[in-house]
2 protein chains.
Amino acid sequence: MSRKNLETRNRILDATWKLLEERLDTGVRMADIARQAGISRQALYLHFSKRAELLIATTQYIDEMKGVDARLAPSRAAATGIERLDAFIDAWGNYIPEIYGVAKALLAMKESDEAAALAWSERMQAVRHGCEAAIKALARDGTLSPDHSQKQATDILWTMLSVRNWEQLRSECGWSQKRYIETTKLIARGTLVVEQG
Amino acid sequence: MSRKNLETRNRILDATWKLLEERLDTGVRMADIARQAGISRQALYLHFSKRAELLIATTQYIDEMKGVDARLAPSRAAATGIERLDAFIDAWGNYIPEIYGVAKALLAMKESDEAAALAWSERMQAVRHGCEAAIKALARDGTLSPDHSQKQATDILWTMLSVRNWEQLRSECGWSQKRYIETTKLIARGTLVVEQG
DNA sequence: CGATTACTTGACACGGTGTCAAGTGACTTG
DNA sequence: CAAGTCACTTGACACCGTGTCAAGTAATCG
């Protein structure tokens, strides 16, 4: 892939990102993206032959720009299970708003597009692994609530941290981001961590 | 509205219901519904001029058939707040699978259709009122957790009981319906009810 | 110089929604 | 019983968004 080609590709990804951020109505068409990137609709198709492909590439692009891995480092470095749980909720919970635009578009698309469904599912599995690691750390410390198996605890945390829950609490319920993070931490602790006597 | 007219209308609603139940892929088109109902596509449009209108009518039809109100009666009759919370989780949590087909279609539609978005939102507000009533009952009994305001507790319960959470736990996590209900009750209690000393 | 690369313009097929017009067959009702 | 209305049919068509195809252009490179 030549220099110019890559340059255009990045312009496209930037354009997609920007449009999905500002027009959350999911009414973002291929033609809009092409216009925003300053190229023809067909040039866009030369780079990404399907809309799903473009959306998937955009999420990866954002991950790269935002440095997901770096942001998850504190979570991995946590000494105790409880710290790890908090750090993970911080990291992922604060990452959601940054990817929300693309996430919403991808979520809408996965209903009808196989590739989009797969890409989203893989992404969510990665989050699940983060949840699982936190739960395992709790189990190791003996601080995992006896109410739940590791699997069940992971399922619960993963579900609590879904993009749709974030969406509902922030948009429908009018919670601030800070409130979302803190309340989620509180509930996660109360539900997943053993009562201390 | 004449007898025959009403008869056809019901055939349409039954057909829609059935197709949405068995083909959860959301790939249910107006033509499919018409065929299933044994009428022409245009006759379908004579009864419901928009797809959104048909979906909305179908949810109302299902509510009527299933008797939502009756199912919520035990919740309203509960003596204590805790009983009311449990009864509400039972009622709504077990209702979700029965409306899941249409719910999914409506959820998909609300992204692009204003009327669908409104209808869904109203429906969810009704559920929210149920949550609110349960929380108020806890507050009245003095059993509401001091960690949350009534508003916040309502938001939490409402979000816990979302269709998407049910979907994730049942489909992605493989939980049984029974497990879903029981674990939801457990978490709701742990989170929303004051610790007894 | 000629070939390749990156892009443009414009046309078009497809699938799904929603509309329009003309026609048919049945069942009211003056 | 004739006229009208009601419920529906058939078939065409416009619109939109995705994705494809073909021909042309302008810059770059060996």
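In what follows, every chain begins at residue 1, and chains take the letters A, B, ... in the order their sequences are listed. Everything numeric here is computed off the predicted structure, so don't read it as measured data.
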Pairing residues for B:Glu21 by the salt bridge (charged side-chain N to carboxylate O under 4.0 Å, His left out) criterion, not counting sequence neighbours: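 In terms of salt bridge (charged side-chain N to carboxylate O under 4.0 Å, His left out), with neighbours along the sequence ignored, B:Glu21 is linked to no residue.
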
Sequence-distant partners of B:Asp32, salt bridge (charged side-chain N to carboxylate O under 4.0 Å, His left out), two or more places apart: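 B:Asp32 satisfies salt bridge (charged side-chain N to carboxylate O under 4.0 Å, His left out) with B:Arg23, B:Arg29, B:Arg35 only.
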
All pairs passing ring-ring contact (aromatic ring centres under 6.0 Å, His included) where residues 124-162 of chain B contributes a residue, at least two apart: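 Qualifying pairs: none.
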
Pairs touching residues 84-112 of chain A that satisfy ring-ring contact (aromatic ring centres under 6.0 Å, His included), sequence neighbours left out: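 Pairs touching residues 84-112 of chain A that pass the test: A:Tyr100-A:Trp166.
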
Given atom [atom1] of [X] and atom [atom2] of [N], what is their separation to the nearest angstrom?
| X | N | atom1 | atom2 | result |
| --- | --- | --- | --- | --- |
| B:Asp32 | C:dT17 | CG | C1' | 13 Å |
| B:Ile33 | C:dG18 | CD1 | P | 11 Å |
| A:Asn5 | C:dT4 | CG | C1' | 13 Å |
| B:Glu114 | C:dT17 | CD | P | 19 Å |
| A:Leu44 | C:dT8 | CG | P | 10 Å |
| B:Glu53 | C:dT17 | CD | P | 15 Å |
| B:Leu46 | C:dG18 | CG | C1' | 12 Å |
| B:Arg11 | D:dC8 | CZ | C1' | 11 Å |

Under 4.0 angstrom between B:His47 side-chain N/O and D:dC8 OP1 or OP2: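 B:His47 to D:dC8 OP1/OP2: side-chain N or O found under 4.0 Å.
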
Salt-bridge present (B:Glu111, A:Lys104; N to O < 4.0 Å):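 Looking at B:Glu111 and A:Lys104, the cut-off is met.
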
Side chain to side chain contact (heavy atoms under 4.5 Å, CB included) partners for B:Ala37, two or more places apart: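 Only B:Ile12, B:Ala15, B:Ile39 meet the side chain to side chain contact (heavy atoms under 4.5 Å, CB included) criterion with B:Ala37.
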
Contact state string [nucleotides 12-24 of chain D, B base, S sugar-phosphate only, - no protein heavy atom under 4.0 Å]: B----SBBBB---

